[in-house]
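These notes concern the structure reproduced below.
Bear in mind that the values here come from a model prediction, so they are computed numbers and not experimental data. No hydrogens, no waters, no symmetry mates; every other heavy atom, side chains included, goes into these values. Numbered from 1 within each chain, the chains take letters A, B, ... in sequence-line order.
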Amino acid sequence: MTLIREALRDALQDALDRGLEAGELTAAGGAPLPPVSIERPTRVEHGDYASNLAMRLAPVMRRAPMQIAEALRRNLVPPPAVSGVTVAAPGFVNLRLDDAWVAEQIGPILAAGERYGRGSDLDGHHVNVEFVSANPTGPLTLGNARGAFAGDLLSRVLEGAGAAVTREYYFNDQGPQVRNLGRSVLAIVAGEPVPDDGYHGAYVADLAADLPEEVLQASRADDADPAWAVGVWASERIRAAIEGSLARLRVRFDAWTTEGSLHRDGWVSGALERLREAGHLYQAEGATWFRSTAFGDDKDRVVIRSNGQPTYFAADIGYLAHKFNRGFTELIYLWGADHHGTVARNRAAAEALGHEPASIHWLLIAWVRFVRDGREISMSKRSGEFVTLDELLSEIGPDAARWFFGSRATSTGIDFDIELAKRQSSENPVYYVQYAHARCASILRNAGTVRPDARQAGELLRQPAEQALARELLRLPEVVSDSAQRRETHDIPRYGLEVSALFSQFYRDCRVLTDDAPLTAARLALVDATRLVLANALGLLGITAPSSM
RNA sequence: GCGCCGGUAGCUCAGUGGAUAGAGCGUCGGCCUCCGGAGCCGAAGGUCGCAGGUUCGAAUCCUGUCCGGCGCGCCA
């Protein structure tokens, strides 16, 4: 199924071309023409789609928008799906879909099945989406929740638009954090207090209790670095626990990459060598610097410290090379908003390495302020006061949590009151959508041997509620396409609510199971298509679509 | 000081230069003899932080300003 919206756009473009060719429309001085845009009117009486093309053309053509709109309408050859083309002040061209055509789309929707809503905008794209990437020095906290959901939802939507997606988790296994973790565990083993700058959560004591004797021995045998072996063991244990927590969120990763591997496998040194050969590195004050200011950064950045050790940023550069070498056509990073200051240097490095800037996106996930009873909760792992993701899930469940985070744009800071979320979890709008799905399933069950049949839908489904619902079902592919393009997924919950509301109205106004066999079969087809659209929309959010609840 | 992100209904948030700015939750008032009442119908509720500007048209773009968050390391 091609998107009707695109067909209408093409038809309007043709109308414009035809008007120009006939001399009915002329651009003053050959000025460039604006692109044809199609939008959805806010009011139903304005039709199903509208274009502001005439108003955009008015300054270029130096004519009244209404005259241009009339000329467009005269030259428009509307597709069969369109039943009405009207012009409205101050110059809109409004398009109305044909009722029979709308209802006739139920058949193709059902035929597409699980594929309905999926698009081809990103066919052939291989996207790497890196998210969470929390260091394994403690359990995932509420602070990690938003990024985890946002990355997974974005991945699902990109896949819905045709892309192949690799979900990637990057973590640091090199730095002092691992050693610090080891020291904290060792302190508890020795019955001593954990150092002030160590890790204080209850999980550290659990690790100490589980520490195998051989790890402890190996650690004691290493006089130079006694905390290292314990730290490595502990961080691996935590990493496995993180994977388990993510699985409970229904977030799975395809690749886990460590900073250490980037160094060991030569990606960091190789990328730096490429920058050096291209003349982007220089020595100063004993260190090696990358001239990132040549690519728009505020200041140049050190890549090799004066002590010979590469910086964290150097690993970022190696990682860029590593990812592109793996054949990805696009990289997406989901970073906490507190990392926005590092975007410019990474973009500079990508450009210096010769990569197309448009092939990389950094999405900054805005802060979540977690509140309990009006008091903000600290999310610092070292304080030990944080709430873990597992605790959140045990209170409100993955469906409600996914809905909450999936309903908000990633750039918007949000307040999350845990007590409020628990109280509201039973009234979470996600259940409204799931309920509508379950009701559809129930009706289909009650139909017994009567099967959905969309073949006469065009003639039989002409009630306002039937038409409104069927029209909304047609929008799913547009919602998926727009979400993928914007790299924001919060339109999907909104769409799910709208479909559910229209279904409830249909359910109120139109009895499905009646003695009228053809009408029953046609309405069952509409119910089945609604169930399918809700299931597919919920699937894009990673939320279950129950047949009963 | 400079930079980034926010400020829209009581609360939490949508709103891609277009037509009378929306949703969920909350509040108030109605609706259960019928396919699932986790529902339906209605109502109240807005100086879109503020001030200028661009535009036929601004919540949206530009400038300034106020408030909140974050960032400005040879840390990660």
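Across C74(B), C35(B), A76(B), the shortest atom-to-atom separation from the side chain of H339(A) is found for A76(B). Comparing C4(B), A19(B), C34(B) by their closest approach to the side chain of R511(A) singles out C34(B). Among A19(B), G36(B), C70(B), the nucleotide with an atom closest to any side-chain atom of D338(A) is C70(B). Taking every side-chain heavy atom of Q177(A) into account, A76(B) is the closest of C35(B), C13(B), A76(B). Of the candidate nucleotides G15(B), A23(B), C35(B), G15(B) has the atom lying nearest to any side-chain atom of R486(A). For D482(A), the side-chain atoms get nearest to U16(B) when compared with the rest of G36(B), U16(B), A76(B). With C74(B), A19(B), A38(B) as the candidates, the nucleotide lying closest to the side chain of E285(A) is C74(B). Proximity note for K299(A) (side chain, C-beta onward) versus C5(B), A19(B), G73(B): the nearest is G73(B). Taking every side-chain heavy atom of S504(A) into account, C40(B) is the closest of G73(B), C40(B), G36(B). Residue Y507(A) places its side chain closer to G36(B) than to any other of G18(B), G36(B), A76(B).
OP1 and OP2 of C40(B) both lie 4.0 Å or more from every side-chain N or O belonging to Y435(A). Taking side-chain N and O atoms only, R345(A) has no distance below 4.0 Å to OP1 or OP2 of G73(B). Note on N446(A): a side-chain N or O is less than 4.0 Å away from OP1 or OP2 of G36(B). At C41(B), one or more side-chain N or O atoms of Q505(A) fall inside 4.0 Å of OP1 or OP2 (strictly under the cut-off). Distances shown here put a side-chain N or O of R508(A) below 4.0 Å from the OP1 or OP2 atom of C41(B). In terms of phosphate contacts, R305(A) brings a side-chain nitrogen or oxygen within less than 4.0 Å of OP1 or OP2 of A76(B). Of the side-chain N and O atoms in Y432(A), none sit less than 4.0 angstrom from OP1 or OP2 of A23(B). Within the structure, a side-chain polar atom (N or O) of T412(A) is placed less than 4.0 Å from OP1 or OP2 of A14(B). Close to G22(B), at under 4.0 Å from its OP1 or OP2, lies no side-chain N or O of R494(A).
Following rounding to the nearest Å, N428(A) (CG) and G26(B) (C1') show an atom-to-atom distance of 15 Å. Following rounding to the nearest Å, L53(A) (CG) and C56(B) (P) show an atom-to-atom distance of 17 Å. In this structure, CD1 of I492(A) is placed 21 Å from P of A23(B), rounded to the nearest angstrom. N307(A) places its CG atom 18 Å from the P atom of G73(B), with the value rounded to the nearest Å. Between the CZ atom of R63(A) and the C1' atom of C56(B) there is a distance of 16 Å, given to the nearest Å. Here U55(B) presents its P atom at 16 Å from CZ of R56(A), a figure rounded to the nearest Å. The CD1 atom of I443(A) sits 12 Å away from the C1' atom of G39(B) (whole-angstrom rounding).
Glycosidic conformation of C32(B) is syn; the angle stays within 90° of 0.
The same atom, P, is picked in G64(B) and in U8(B); the two are 22 Å apart, to the nearest Å. Rounded to whole Å, the P atom of G15(B) lies 15 Å from the corresponding atom of G22(B). Here the separation of C35(B) from U27(B), taken at their C1' atoms, is 33 Å to the nearest Å. The gap from the C1' atom of A9(B) to that of A23(B) amounts to 11 Å, rounded to the nearest Å. When the C1' atom is used for both U33(B) and G18(B), the distance is 50 Å, rounded to whole Å. The P atoms of U20(B) and C11(B) are separated by 27 Å, rounded to the nearest whole Å. Comparing the same atom, C1', in G17(B) and in U55(B) gives a spacing of 9 Å after rounding to whole Å.
A donor-acceptor contact under 3.5 Å links the side chain of H340(A) to the base of G3(B). No donor-acceptor contact under 3.5 Å links the side chain of N52(A) to the base of A19(B). If you check distances only, the side chain of S306(A) does reach the base of C74(B) with a donor-acceptor pair under 3.5 Å.
Using the Watson-Crick or G-U wobble rule with both distances under 3.5 Å, A44(B) pairs with nothing in any strand shown. As the counterpart of G39(B), C31(B) is assigned, both hydrogen-bonding distances of the Watson-Crick or G-U wobble pattern falling under 3.5 Å. Base pairing annotation: G57(B) forms no Watson-Crick or G-U wobble pair, as no partner gives both donor-acceptor distances under 3.5 Å. Nucleotide G3(B): paired with C70(B) (Watson-Crick or G-U wobble, both distances less than 3.5 Å). The nucleotide A23(B) finds its pairing partner in U12(B), both defining distances of the Watson-Crick or G-U wobble pair being shorter than 3.5 Å.
Under the 3.5 Å distance criterion, with hydrogens and angles disregarded, a donor-acceptor pair is assigned to the side chains of D121(A) and S481(A).
Here F92(A) packs flat against the base of A19(B); its ring centre is closer than 5.5 angstrom to the base's six-membered ring, tilted by less than 30 degrees.
F92(A) is listed as a side-chain neighbour of E39(A), based on a closest heavy-atom distance under 4.5 Å.
Checking D491(A) against A501(A), the closest nucleotide of RNA chain B that is more toward the 5' end is the one next to D491(A). Between H490(A) and D298(A), the residue anchored closer to the 5' end of RNA chain B is H490(A), taking for each the nucleotide with the nearest heavy atom.
The aromatic rings of F416(A) and F404(A) sit perpendicular, their planes meeting at an angle over 60°, well past the 30° parallel limit. Ring planes of Y169(A) and F171(A): perpendicular class, angle over 60° (limits at 30 and 60°). Ring geometry for W362(A) against Y333(A) counts as parallel: the plane angle stays under 30°, on a 0 to 90° scale with 60° as the upper cut. Taking the six-membered ring for Trp and thresholds of 30 and 60 degrees, H322(A) and W267(A) have ring planes more than 60 degrees apart, a perpendicular arrangement.
Within the 3.5 Å criterion, the main-chain N or O of N135(A) finds no donor-acceptor partner in the side chain of N172(A). A distance-only check finds a donor-acceptor pair linking the side chain of S184(A) to the backbone of Y199(A) [under 3.5 Å].
In the displayed structure, R305(A) atom CZ is contacted under 6.0 Å by more than 12 heavy atoms of other residues, nucleotides or ligands.
Using a 4.0 Å heavy-atom distance criterion, D300(A) is classed as making no nucleic acid contact.
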